[in-house]
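Working notes for the structure below.
Side chains included, hydrogens not; waters and symmetry mates left out as well; all remaining heavy atoms used.
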Amino acid sequence: MKLALITCSKHPNGVKEDHPLFDALTHQQIDYELKVWDQPTDWSAFDIALIRSTWDYHEKSQEFLDWCNTCGNQTRLINPPEVIKWNSQKTYLKELAEKAFPIAPTLWIKQNSTPEIATTCTQIPGQKWFLKPIVGADSSGTLRFNIDDMATAQQHLNHWLKKTDMMLQPYLTEVESKGEVSLIYFGKHYSHAVIKKPQPNDYRVQNTYGAIDKSHQPSSQEQIIGDAVIDWLSKRFKNICYTRIDLLFDKNNQPLINEVELIEPSLFFHHN
């Protein structure tokens, strides 16, 4: 079998946290090559193309989706193109909410609309709020703000609405103390979990911003939510290879689904 591990031009040799995967493939004598997704390649030369560190896809999302279709027509792309398309915009959270999965209260703000943020925030009870684009990665385009920051929030919203739809949610302050839990599944099977804690007074749980990740034993609540999402996904789609379910917590310590990552998530192989 010949395997293409798909990365991006920013990480042509892949990323450090995937080294355990590289070692495992070598140990199993699987022939693999690292390939940058948007460089000319004969994808039909590979039996499987496995997406790993395409961490610039959100910067050129339509080009990436077109590539997925092209690559998927030439070889077996993992995860499949239809899964990636569904997962490429955070509007998939609407579907999860309709199925009674717990997500944070969310207002969806259409691209090129002109809402007044102070008025819009009255629809989300609280003292702090959070803005993020429906297409994004590594906290790009996000902003936390409070009632004294409305001018900054308005400027931020106006800027991003020229590019994409936006989401307005209550800011879950518990992220600063409890962090974010990630449950990782392969196929339908739970593998391992990590907890990611940001730097003091920060909300960003990516190591890009100095966050720390550690192995985590999920609570029964966390495991129930993760298993239920996987069960639903396995009925919604076929042939999902990997899933990462990210959970934040409300003021009552109840877990909420922040993201379901099916495209290029860190899978924290270095913890398992």
Side-chain angles (χ1 to χ4, degrees), residues 86-109 120-146 165-185 190-198 201-206 209 211-234 236 240 242-263 265-268:
W86 178 81
N87 196 227
S88 64
Q89 295 191 355
K90 300 183 198 307
T91 46
Y92 67 79
L93 290 168
K94 291 183 183 180
E95 191 171 347
L96 290 174
E98 289 167 359
K99 300 299 179 181
F101 288 105
I103 71 167
T106 304
L107 283 178
W108 305 88
I109 306 173
T120 305
C121 283
T122 62
Q123 301 177 59
I124 300 281
Q127 300 297 315
K128 292 184 177 182
W129 298 270
F130 195 67
L131 282 167
K132 62 180 174 181
I134 64 165
V135 178
D138 206 28
S139 293
S140 63
T142 63
L143 179 73
R144 66 175 172 186
F145 63 100
N146 60 36
D165 291 7
M166 294 289 287
M167 304 164 61
L168 176 68
Q169 297 177 322
Y171 176 64
L172 302 174
T173 58
E174 289 72 17
V175 69
E176 296 177 21
S177 56
K178 297 182 183 298
E180 180 181 74
V181 166
S182 289
L183 306 173
I184 294 156
Y185 291 77
Y190 168 76
S191 173
H192 58 289
V194 298
I195 189 163
K196 301 166 287 183
K197 293 196 174 183
N201 301 316
D202 202 346
Y203 63 88
R204 295 169 297 185
V205 295
Q206 297 83 8
Y209 304 103
I212 303 298
D213 50 83
K214 299 188 293 186
S215 294
H216 175 69
Q217 180 61 47
S219 70
S220 58
Q221 280 184 308
E222 294 161 10
Q223 193 79 63
I224 287 169
I225 291 172
D227 292 351
V229 170
I230 291 299
D231 182 63
W232 180 79
L233 282 173
S234 67
R236 177 72 167 76
I240 292 180
Y242 52 85
T243 307
R244 197 186 82 199
I245 301 168
D246 295 337
L247 304 174
L248 294 176
F249 300 90
D250 66 16
K251 62 184 179 181
N252 297 316
N253 203 34
Q254 297 300 303
L256 302 172
I257 298 169
N258 188 40
E259 304 276 0
V260 175
E261 300 275 11
L262 296 164
I263 300 177
S266 301
L267 295 174
F268 297 96

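Looking at N87, its side chain never comes within 3.5 Å of a backbone N or O of Y92 through a donor-acceptor pair. A donor-acceptor pair under 3.5 Å is formed between the side chain of D250 and the backbone N or O of N252.
When every heavy atom of L247 is checked against every heavy atom of P255, the shortest pair comes out as CD1-CB, 4.3 Å. Closest approach of F268 and H192 over heavy atoms only: O-NE2, 3.3 Å. The two residues I225 and P102 come nearest to each other via the heavy atoms CD1-CG, 3.8 Å. Contact between P170 and P105 at its shortest, heavy atoms only, is CD-O, 3.1 Å. Here the closest non-hydrogen pair linking Y242 and I263 is OH-O, 2.8 Å. Looking at every heavy atom in both residues, D246 comes nearest to S182 through OD1-OG, 2.5 Å.
Residues passing the side chain to side chain contact (heavy atoms under 4.5 Å, CB included) test with S215, sequence neighbours excluded: H271. By the ring-ring contact (aromatic ring centres under 6.0 Å, His included) test, Y203 is found to be paired with F130, residues two or more places apart in sequence or in another chain being considered. Residues satisfying the ring-ring contact (aromatic ring centres under 6.0 Å, His included) test with Y190, not counting sequence neighbours, are Y185. The salt bridge (charged side-chain N to carboxylate O under 4.0 Å, His left out) check on D202 picks up R204, with sequence neighbours excluded.
Distance CD/E261 to CG/L267: 10.0 Å, rounded to 0.5 Å. Rounded to the nearest 0.5 Å, atoms CD1 (I245) and CG (L96) are 9.0 Å apart. Going from atom CZ of F145 over to atom CG of L131 covers 4.5 Å, rounded to the nearest 0.5 Å. Atoms CD1 and CG, from I134 and L93 in turn, are 10.5 Å apart once rounded to the nearest 0.5 Å. Once rounded to the nearest 0.5 Å, the distance linking NE2 of H216 with CD1 of I184 reads 11.5 Å. Once rounded to the nearest 0.5 Å, the distance linking CD1 of I103 with CG of L248 reads 12.0 Å.
Residue pairs that meet the salt bridge (Lys or Arg N to Asp or Glu O under 4.0 Å) test with at least one member in residues 170-181, sequence neighbours left out, are R144-E176, E180-K196. Residues in residues 98-107 take part in no salt bridge (Lys or Arg N to Asp or Glu O under 4.0 Å) pair, two or more places apart or across chains.
When side chains are defined from C-beta on, Q169 does not count as touching I124, because their heavy atoms never get closer than 4.5 Å. Side-chain contact between N146 and Y171 is absent, with no heavy atoms from C-beta onward closer than 4.5 Å. Between Q123 and L168 the shortest side-chain heavy-atom distance does not fall below 4.5 Å.
Within 6.0 Å of atom CD in Q127, 12 or fewer heavy atoms from other residues, nucleotides or ligands are found, so the atom counts as exposed in its surroundings. Within 6.0 Å of NZ on K94 lie more than 12 heavy atoms contributed by other residues, nucleotides or ligands.
The aromatic rings of W232 and W86 sit tilted relative to each other, their planes meeting at an angle between 30° and 60°.
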- Task: List the steps, then state whether side-chain contact (heavy atoms from CB on, under 4.5 Å) holds for V229 with L183.
- Result: CA-CA 11 Å; V229 170; L183 306 173; over 6 Å; no
